[in-house]
Protein chains: 2
Amino acid sequence: MIMVIIPPMQRLTIQRQAILDLINSSNRHWDAEEVNRELSDRGQSVGIATVYRGLTALEEAGLIEGIQFYDRKRYERADKSHHDHMLCTVCGHIEEFSHEKIEALQEAIALEKDFEMTGHQLVLFGLCAVCRNASK
Amino acid sequence: MIMVIIPPMQRLTIQRQAILDLINSSNRHWDAEEVNRELSDRGQSVGIATVYRGLTALEEAGLIEGIQFYDRKRYERADKSHHDHMLCTVCGHIEEFSHEKIEALQEAIALEKDFEMTGHQLVLFGLCAVCRNASK
DNA sequence: TGTATAATGATAATGGTTATCATTCCACCC
DNA sequence: GGGTGGAATGATAACCATTATCATTATACA
Ligand SMILES: [Mn+2]
Ligand SMILES: [Mn+2]
Ligand SMILES: [Zn+2]
Ligand SMILES: [Zn+2]
């Protein structure tokens, strides 16, 4: 399961650098298609396959952070401390949060279940403040 | 985002009953293809499109529980109390756990961020006890 | 400067899921 | 009991995010 062989990144090519710069210069959570389109708009078009490979390689190298959302993978800057996400199911807005206690309790329960945790994913679904106000 | 129009289930047909019975008679987390194959093996074959529609309808009716895992959606009995999951990235084994405190803290942080939480998903990734022992 | 290997990009393929549509089923009415 | 309209089915096509293929290009370095 979830077994993908990722060859280590050897070269930070101009394409990968462009992807990295784009992600590092924003607080957004980008999917591959958005990166592809934005780079095209900026006149430094990168092939969609290269975008996918670049994102995978950059994540593997720890230069960006990947999160598997509902149906697509998104990437964000890696220079933020660990956090989880709230996803508005109406407008798609992503809110970030971090909670020491929740993190600690996850570790505790993994230990208790004899499970060697290598990662986790916590996403809260619901309505952001804007959408909630709009719907009443 | 995540906006699917689900017509309410009107009839619990024999196909849907078969899907429901299958899921209710086990503790497994089934994906659509597994349901399809198992029902075929039992001689009560149900078309794959009908399986997908049935699973969606049964979930919508609250008769089964759906969880979006890594790359596919899985379904389990709804008559268990709420819990989250640990997924072994080597063998695919799914371990269940529930943690009052984590649930409560999620509610708290949502409130704090003015976010109306309608659901959440917590998955811990890692190695189950069996796979950890096997790999050393 | 040559060579081996990595990376690119166009494109095909994959795989899970949803849409289409002709057919069948079923609840309800007469 | 037969007719009818809406719901469900199932075969199949389409969709869509992602990965694989492969010929071409770039790059490190012997
Ligand atoms: Mn984030
Ligand atoms: Mn479960
Ligand atoms: Zn919103
Ligand atoms: Zn395992």
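Considering only the side chain of A:K73, D:dT18 comes nearest among C:dA10, D:dT18, D:dA8. Out of D:dT9, C:dT18, D:dT18, the shortest distance to the side chain of A:A32 is found at D:dT18. The side chain of A:V46 sits closest to C:dG9 out of C:dG9, C:dT8, C:dT17. In this structure, of D:dA20, C:dA19, D:dA8, it is D:dA8 that holds the atom nearest to the side chain of B:Q10.
Across all strands shown, B:E33 has no heavy atoms under 4.0 Å from either base or sugar-phosphate atoms. Nucleic acid contact for A:T50: base, since at least one base atom lies under 4.0 Å from a heavy atom of the residue. Using a 4.0 Å heavy-atom criterion, one finds that B:R53 contacts the bases of the nucleic acid, with or without backbone contacts as well.
For B:E34 and C:dG15, the CD to C1' distance is 14 Å, given to the nearest whole Å. Following rounding to the nearest Å, B:Q68 (CD) and C:dG16 (C1') show an atom-to-atom distance of 10 Å. Between A:L58 atom CG and C:dA7 atom P the separation is 11 Å, expressed in whole Å. A straight line from CE of A:M9 to C1' of C:dT5 spans 16 Å, rounded to a whole angstrom. Residue A:L12 contributes atom CG, which lies 13 Å from atom C1' of D:dT27 at whole-angstrom precision. Computed from coordinates, the A:L55 CG to D:dT18 C1' distance equals 12 Å when rounded to whole Å. Between the CG atom of B:D71 and the P atom of C:dG15 there is a distance of 11 Å, given to the nearest Å. One can place OH of B:Y75 at 14 Å from P of C:dG16, the figure rounded to the nearest angstrom.
Connection of A:V123 to B:I102 is not established within any shared hydrophobic cluster, with ILVMFWY side chains joined at heavy-atom distances below 4.5 Å, either directly or through further cluster members.
Considering only side-chain N and O atoms, A:Y52 lies under 4.0 angstrom from the phosphate OP1 or OP2 of D:dT18. B:Q15 has no side-chain polar atom (N or O) that falls below the 4.0 Å cut-off from OP1 or OP2 of C:dC25. Side-chain N/O atoms of B:T13 include none lying less than 4.0 angstrom from OP1 or OP2 on D:dA7. Phosphate proximity of D:dC16 to A:R72: absent, as no side-chain N or O sits under 4.0 Å from OP1 or OP2. Between A:R11 and C:dA6 there is no side-chain polar atom (N or O) within less than 4.0 angstrom of OP1 or OP2.
Electrostatic pairing of B:E33 and B:R72 does not count as a salt bridge here, judged by no charged N lying under 4.0 Å from a carboxylate O. Between A:R28 and A:E38 no salt bridge is recorded (no basic side-chain N to carboxylate O distance below 4.0 Å). Ion pairing of A:E96 with A:K80 is present here, as a side-chain N (NZ or NE/NH1/NH2) and a carboxylate O approach within less than 4.0 Å.
In terms of heavy atoms, A:F69 sits closest to A:L87 at CD2-CD2, 4.2 Å.
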